[in-house]
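Have a look at the structure below before the remarks.
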Amino acid sequence: MKKACYLTLLLTWTLWTRTQSPTSDNWIAAPGLGSQAKCEASMKEKLDLWKQFKDSKFEKNTVIFTNNNSSMTYVCLPEAEDPRKQAKPTKPTR
């Protein structure tokens with residue numbers, strides 16, 4: 001039981017920002033947030049910042065900019081998880 005509590009205390013969170021446009025798709029990490037709640041609060045602050053722009057539309061954790069056809073998606077994940085590393089499809093064997 002003590003081990004589980006100790007590991008929980010060491011877990012930090014990363015706020016990932018995915019920026020997509022017709023010509024690019026980039027991920028940026030902001031690591032070191034002390035809890036999931038802090039990560040989600042940071043995400044909310046960032047989303048709230050974009051509300052002042054007239055061309056911004058919101059879908060859950062994504063803001064879409066209609067003038068330049070781009071978007072920013074925010075994702076909170078434990079430090080060890082990386083959304084850029086997705087399982088690659090395996091080639092069928094013959």
Side-chain angles (χ1 to χ4, degrees):
M1 183 78 172
K2 287 184 181 181
K3 251 187 192 178
C5 291
Y6 180 71
L7 291 175
T8 302
L9 293 175
L10 294 177
L11 182 67
T12 59
W13 287 78
T14 300
L15 177 60
W16 287 91
T17 305
R18 183 179 190 183
T19 305
Q20 294 177 287
S21 74
T23 59
S24 68
D25 186 352
N26 298 308
W27 287 91
I28 298 173
L33 296 161
S35 68
Q36 182 177 4
K38 287 182 181 180
C39 187
E40 290 173 357
S42 180
M43 176 176 28
K44 184 183 178 320
E45 283 179 18
K46 292 184 183 329
L47 287 168
D48 286 346
L49 177 72
W50 297 117
K51 289 181 180 178
Q52 63 185 317
F53 294 89
K54 292 179 183 179
D55 73 322
S56 61
K57 294 186 179 187
F58 296 86
E59 293 179 9
K60 294 184 184 180
N61 58 333
T62 301
V63 58
I64 300 163
F65 301 100
T66 56
N67 285 347
N68 64 1
N69 196 26
S70 66
S71 67
M72 294 181 79
T73 301
Y74 298 95
V75 181
C76 285
L77 293 173
E79 180 179 50
E81 292 185 35
D82 186 338
R84 300 170 296 179
K85 295 180 182 177
Q86 298 176 358
K88 294 181 181 177
T90 57
K91 293 181 182 178
T93 55
R94 292 188 180 182

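Cluster membership check: M43 does not share its hydrophobic cluster with I64, using side-chain heavy-atom separations under 4.5 Å among Ile, Leu, Val, Met, Phe, Trp and Tyr. In the hydrophobic clustering of ILVMFWY residues, with side-chain heavy atoms under 4.5 Å counting as a link, F65 and F58 come out together. Connection of Y74 to F53 is established within a shared hydrophobic cluster, with ILVMFWY side chains joined at heavy-atom distances below 4.5 Å, either directly or through further cluster members.
When all heavy atoms are compared, the tightest approach of A30 to L33 is O-CD1, 4.0 Å. Counting all heavy atoms, side chain and backbone alike, S42 lies closest to L15 at OG-CD2, 3.5 Å. Shortest non-hydrogen contact noted between V75 and N61 is CG2-ND2, 4.0 Å. Taking all atoms of both residues into account, the shortest heavy-atom contact from W50 to S56 is O-OG, 3.0 Å. The two residues P83 and W16 have their closest heavy-atom pair at CD-CE2, 3.3 Å. Residues T14 and C39 share a closest heavy-atom pair of O-SG, 3.7 Å.
Counting only heavy atoms from C-beta outward, the side chains of K44 and D48 approach each other to under 4.5 Å. A 4.5 Å side-chain heavy-atom check between W13 and P78 finds at least one atom pair inside the cut-off.
The CZ atom of R18 lies 12.5 Å from the CD1 atom of I28; values are rounded to the nearest 0.5 Å. The CG atom of D25 sits 8.5 Å away from atom OG1 of T19, with the distance rounded to the nearest 0.5 Å. Atoms OG1 and CD, on T73 and Q20 in that order, are 6.0 Å from each other to the nearest 0.5 Å.
Side chain of T66 to main chain of D55: a donor-acceptor pair is present (N/O by atom type, distance under 3.5 Å, no hydrogens or angles).
Around the CD atom of Q52, the shell of radius 6.0 Å holds more than 12 heavy atoms that belong to other residues, nucleotides or ligands.
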